[in-house]
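Have a look at the structure below before the remarks.
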Amino acid sequence: MLILPRDVSNNVKGLTVWAIFSMVLDALPFFVFGSLKENYTGILNQHPLALCCCLLPVLAYMCTAFYMAYSAHYPKTAARTEVLWMLGITAALMITPYHAQEDFWSGLHVLLGLAAFLNLNRLLFKLFVFHPKAFRIYCAGTVPAFLLALSALSISGPSELVYSETICLALLSANLQ
């Protein structure tokens with residue numbers, strides 16, 4: 001059984017390997033630095049450098065895969081602008097501290113997380129118009145991620161992990177179509 005169609009470019013083959021590597025890096029912080037009881041922010045507070053070493057390649061994969069899929073249907077300048085906005089929001093989110101006690105920075109962190117989530121979904125839905133298979137993958141992963149967050153009554157490690165892995169697969173699917 002072939003994972004990729006026979007006539008794919010080297011770019012897509014490389015993107016597939018990068019997606020698999022990203023999915024491993026996505027899960028690594030939960031098993032090395034924390035437990036599934038913590039989310040990425042909890043691990044970031046305890047091991048910032050190690051988490052960034054794991055998640056920056058994942059972010060690079062997502063930006064590259066998004067840019068490749070998005071620029072196939074929209075102008076490249078628009079794709080570049082969207083990627084830069086997402087990188088800016090994500091960088092601001094990662095450097096904004098979150099504390100157990102509620103303060104200004106914790107509220108800003110939550111607000112930036114919501115902005116990143118909404119912006120990412122806006123961009124993904126613009127892609128899903130052209131890639132219905134990627135949309136099905138997204139729905140299949142988002143529902144369990146939502147249910148995991150709902151069962152924990154917060155954004156939990158398992159819900160973030162499932163959602164992040166879903167995005168990796170949906171973006172890969174969009175580039176394979």
Side-chain angles (χ1 to χ4, degrees), residues 14-70 80 82-124 134 137-138 140-175:
L15 198 63
T16 303
V17 170
W18 199 359
I20 294 167
F21 182 65
S22 293
M23 292 173 69
V24 170
L25 284 177
D26 232 359
L28 194 62
F30 293 110
F31 299 109
V32 174
F33 307 118
S35 67
L36 285 172
K37 293 179 182 175
E38 294 185 57
N39 59 19
Y40 286 124
T41 299
I43 297 171
L44 182 66
N45 286 340
Q46 297 170 5
H47 308 282
L49 184 60
L51 185 73
C52 288
C53 288
C54 286
L55 293 187
L56 288 179
V58 176
L59 180 61
Y61 159 74
M62 288 182 180
C63 288
T64 303
F66 172 78
Y67 179 81
M68 288 174 62
Y70 196 84
R80 240 186 326 267
E82 296 291 10
V83 167
L84 288 174
W85 268 108
M86 183 50 76
L87 281 173
I89 294 170
T90 304
L93 174 65
M94 289 180 77
I95 64 171
T96 305
Y98 181 86
H99 305 107
Q101 69 278 7
E102 187 64 32
D103 61 1
F104 171 77
W105 296 109
S106 297
L108 183 60
H109 179 86
V110 171
L111 184 65
L112 287 168
L114 180 61
F117 175 77
L118 293 174
N119 189 47
L120 175 66
N121 280 284
R122 178 185 65 83
L123 297 175
L124 287 173
I137 291 170
Y138 179 82
T142 301
V143 169
F146 172 74
L147 293 175
L148 285 166
L150 188 62
S151 69
L153 296 176
S154 70
I155 305 299
S156 64
S159 65
E160 282 186 331
L161 181 60
V162 169
Y163 188 69
S164 182
E165 303 280 320
T166 298
I167 293 169
C168 286
L169 289 174
L171 286 172
L172 179 62
S173 174
N175 280 288

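In terms of heavy atoms, Met86 sits closest to Ala116 at CE-O, 3.5 Å. Contact between Asn175 and Ala65 at its shortest, heavy atoms only, is ND2-O, 2.9 Å. Taking every heavy atom of both residues into account, Gly141 and Val162 meet most closely at O-CG1, 3.4 Å. Between Leu93 and Gly113, the closest heavy-atom pair is CD1-N, 3.5 Å.
Remark: Leu124 CG to Phe66 CZ distance equals 7.0 Å, nearest 0.5 Å. Note that CG of Leu161 and CZ of Phe30 are 5.5 Å apart. Values are rounded to the nearest 0.5 Å. Atom CG of Leu28 is separated from atom SG of Cys54 by 4.5 Å, given to the nearest 0.5 angstrom. Taking CD1 of Ile167 as the reference point, atom CG of Leu120 lies at 4.5 Å (rounded to 0.5 Å). Distance CE/Met94 to OH/Tyr40: 10.5 Å, rounded to 0.5 Å. Taken to the nearest 0.5 Å, the CD atom of Glu160 stands 11.0 Å off from the CD atom of Glu38.
Here Asn39 pairs with nothing under the side chain to side chain donor-acceptor pair (under 3.5 Å) rule; sequence neighbours left out. In terms of the side chain to side chain contact (heavy atoms under 4.5 Å, CB included) criterion, residue partners of Pro48 (sequence neighbours excluded) are, by chain and number, Leu44. With sequence neighbours excluded, the residues that form a side chain to side chain contact (heavy atoms under 4.5 Å, CB included) with Ser173 are Lys133, Ala134, Ile137, Gln177. A search for side chain to side chain contact (heavy atoms under 4.5 Å, CB included) contacts involving Phe117 returns Asn121, Tyr163, not counting sequence neighbours. Scanning for side chain to side chain donor-acceptor pair (under 3.5 Å) contacts around Ser151 gives an empty result, with sequence neighbours left out. Residues passing the side chain to side chain contact (heavy atoms under 4.5 Å, CB included) test with Ala152, sequence neighbours excluded: Ser154, Ser156. By the side chain to side chain donor-acceptor pair (under 3.5 Å) test, Ser164 is found to be paired with Asp26, residues two or more places apart in sequence or in another chain being considered. Partners of Thr41 according to the side chain to side chain donor-acceptor pair (under 3.5 Å) rule, which considers only residues two or more places apart in sequence or in another chain, are His109.
Each side-chain hydrogen bond (donor to acceptor under 3.5 Å, both in side chains) pair with one or both residues in residues 92-102, not counting sequence neighbours, appears once here: His99-Asp103. Counting only residues at least two apart or on different chains, the salt bridge (Lys or Arg N to Asp or Glu O under 4.0 Å) pairs with a member in residues 105-122 are Glu82-Arg122. For residues 104-114, no pair satisfies salt bridge (Lys or Arg N to Asp or Glu O under 4.0 Å), with sequence neighbours left out.
Under a 3.5 Å cut-off, the side chain of Ser22 and the backbone N or O of Trp18 do form a donor-acceptor pair.
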Under 3.5 Å, sequence neighbours excluded: what are the donor-acceptor pairs made by side chains of residues 56-63?
| residue | atom | partner | partner atom | Å |
| --- | --- | --- | --- | --- |
| Tyr61 | OH | Cys168 | O | 2.9 |
| Tyr61 | OH | Leu172 | N | 3.4 |

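Crowding of Ile89 atom CD1: a count of heavy atoms from other residues, nucleotides or ligands under 6.0 Å exceeding 12.
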Task: Test side chain to side chain contact (heavy atoms under 4.5 Å, CB included) applied to Met23 and Leu169, step by step - done: CA-CA 9 Å; Met23 292 173 69; Leu169 289 174; 3.8 Å; yes
